[in-house]
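Every chain is numbered from 1, with letters handed out A, B, ... down the list of sequences.
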Number of protein chains: 2
Amino acid sequence: MEDMHVAVQQDDIEQKEKLRLWVRLLRASRMIEAELRNRFAVEFNTTLPRFDVMAALDRFPDGMLMSDLSRYLLVSNGNVTGIIERLVQEGFVSRAKREGDKRTSIVSLTAEGCALFAQMADAHERWVSAYLNAMSLDEARTLSGMLESFRSNWEDHSPE
Amino acid sequence: MEDMHVAVQQDDIEQKEKLRLWVRLLRASRMIEAELRNRFAVEFNTTLPRFDVMAALDRFPDGMLMSDLSRYLLVSNGNVTGIIERLVQEGFVSRAKREGDKRTSIVSLTAEGCALFAQMADAHERWVSAYLNAMSLDEARTLSGMLESFRSNWEDHSPE
DNA sequence: GATAAAATATTTAAGCATGAAATAGTGGAG
DNA sequence: CTCCACTATTTCATGCTTAAATATTTTATC
């Protein structure tokens with residue numbers, strides 16, 4: 001009986017500690033995101049979602065399907081449509097119809113988009129590294145490792 | 001000369017490691033957020049931003065000004081207006097005009113809102129803790145501590 | 001080959017989010 | 001009292017985001 005109380009209390013402590021972790025993770029993420037949003041707006045007149053899309057396309061030079069993009073970026077299908085729409089209009093992304101399949105179109109960066117992304121990626125890396133300058137390299141590696149192992153264990157409770 | 005190369009290379013390694021950390025942090029945050037959004041929609045027919053607002057109001061039972069809310073939640077002024085609007089219509093939040101100052105209105109949870117929030121907060125804690133179940137209590141504490149020290153050092157590069 | 005099932009992409013409606021401008025109220029200096 | 005600066009809130013334009021509905025094409029099954 002006594003043991004049960006102790007066990008339950010332990011569970012509760014663990015639950016609360018993990019809730020606190022989540023709150024702090026979210027807060028850190030929001031702070032950095034807000035700062036980046038601001039920088040991207042000021043320096044490149046663009047947004048974070050646009051940068052994310054261009055980063056994905058830069059990583060896959062042969063192009064991606066719309067559904068590849070949304071899966072890779074963890075955003076919804078319809079979301080990508082609008083972002084790509086604007087990027088195409090501004091000449092940074094091109095859509096190519098594919099021979100065999102009339103549903104799909106392969107999107108990729110144009111030469112202009114590629115050049116712009118190189119600049120943005122460089123600035124992005126410098127900004128992020130500056131935001132994290134109070135953290136040592138070792139700490140960064142530890143944190144990074146823990147987050148990666150979290151990600152690789154994620155499927156356990158994720159549905160589907 | 002040789003030393004300089006080594007130093008520069010070290011800086012670059014550090015920059016890239018911190019970029020990787022940011023990418024993983026963001027990814028973890030997005031995965032959990034997506035899962036929570038889904039849960040809140042299914043179980044409570046509500047959204048994360050609404051939960052955040054109600055959590056703030058629960059924390060300040062005497063009520064908050066609209067500007068208090070937006071400052072506390074790190075969101076824009078106009079944003080809060082719409083969310084409160086809907087919560088008021090559904091009877092979870094009440095607005096009271098203040099005697100002395102006709103500009104301000106004090107918003108607070110109604111009894112209904114309070115009761116609903118208690119349920120949601122409980123579920124929220126259980127969900128989050130389940131998402132992090134692959135992580136030990138010690139790991140959670142370590143990670144949490146690192147994120148907290150990051151937050152407390154944030155002001156260094158944040159403007160204003 | 002016909003039909004059903006799955007995959008791909010877009011559109012729609014509602015809500016979230018921002019920054020800027022508009023509106024309205026307060027309070028002090030002259 | 002009047003003007004001016006400040007505060008609080010809302011409104012607006014734009015863009016992000018989702019889920020659900022729709023349309024189209026491809027693939028599988030018989």
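- Atoms CZ (Arg50(A)) and P (dA17(C)) sit 21 Å apart, rounded to a whole Å.
- dC16(D) atom C1' lies 13 Å from atom CG of Leu73(A), rounded to whole Å.
- With sequence neighbours excluded, no residue forms a side chain to side chain donor-acceptor pair (under 3.5 Å) with Lys102(B).
- Within a 6.0 Å radius of CZ in Arg39(B), more than 12 heavy atoms belonging to other residues, nucleotides or ligands are found.
- For Asn45(A), the CG atom is loosely surrounded, since the number of other residues' heavy atoms within 6.0 Å does not exceed 12.
- If you measure from atom CZ of Arg98(B) to atom P of dG25(C), you get 15 Å, rounded to the nearest angstrom.
- What separates CZ of Phe40(A) from P of dC16(D) is a distance of 13 Å, to the nearest Å.
- Minimum interatomic distance between Ser70(A) and Asn77(A) (heavy atoms only, all atoms of both residues): OG-OD1, 3.7 Å.
- Aromatic rings of Tyr131(B) and Trp127(B) (six-membered ring for Trp) have centroids beyond the 6.0 Å cut-off, not under it.
- Look at CG on Leu69(B): it is 13 Å from P on dA8(D), rounded to the nearest Å.
- Judged by closest nucleotide on DNA chain D, Met64(B) is the one of Met64(B) and Val80(A) placed further toward the 5' end.
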Can you pull every protein N or O that's under 3.5 Å from an N or O on nucleotides 7-14 of chain C?
residue : atom : partner   : partner atom : Å
dA7(C)  : N3   : Arg103(A) : NH1          : 2.9
dA9(C)  : OP1  : Ser105(A) : N            : 3.4
dA9(C)  : OP2  : Met66(A)  : N            : 3.4
dA9(C)  : OP2  : Ser67(A)  : N            : 2.9
dA9(C)  : OP2  : Ser67(A)  : OG           : 2.6
dT10(C) : OP1  : Arg95(A)  : NH2          : 3.3

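- Across all strands, Leu74(B) comes closer than 4.0 Å only to sugar-phosphate atoms, never to a base (heavy-atom distances).
- Minimum atom distance to the side chain of Ile83(A) is reached by dC16(D), of the listed dT26(C), dC16(C), dC16(D).
- Within the 4.0 angstrom heavy-atom criterion, no nucleotide atom of any strand lies near Ile84(B).
- Relative orientation of the His124(B) and Phe51(B) rings is tilted, given thresholds of 30° and 60° on the angle between their planes.
- When every heavy atom of Ser144(A) is checked against every heavy atom of Arg20(B), the shortest pair comes out as OG-CG, 3.8 Å.
- Residues Lys102(B) and Arg37(A) each lie close to DNA chain C; by heavy-atom proximity, the contact nearer the 5' end of the strand is made by Arg37(A).
- Residue Gly82(B) is classed as having no contact, given no heavy-atom separation below 4.0 Å to the nucleic acid.
- Note: CG (Asn45(B)) to P (dG15(C)) measures 10 Å, nearest angstrom.
- As rounded to whole Å, 17 Å separates atom P of dC16(D) from atom CD of Glu33(B).
- In this structure, Arg86(A) places its CZ atom 8 Å from C1' of dT14(D), rounding to the nearest Å.
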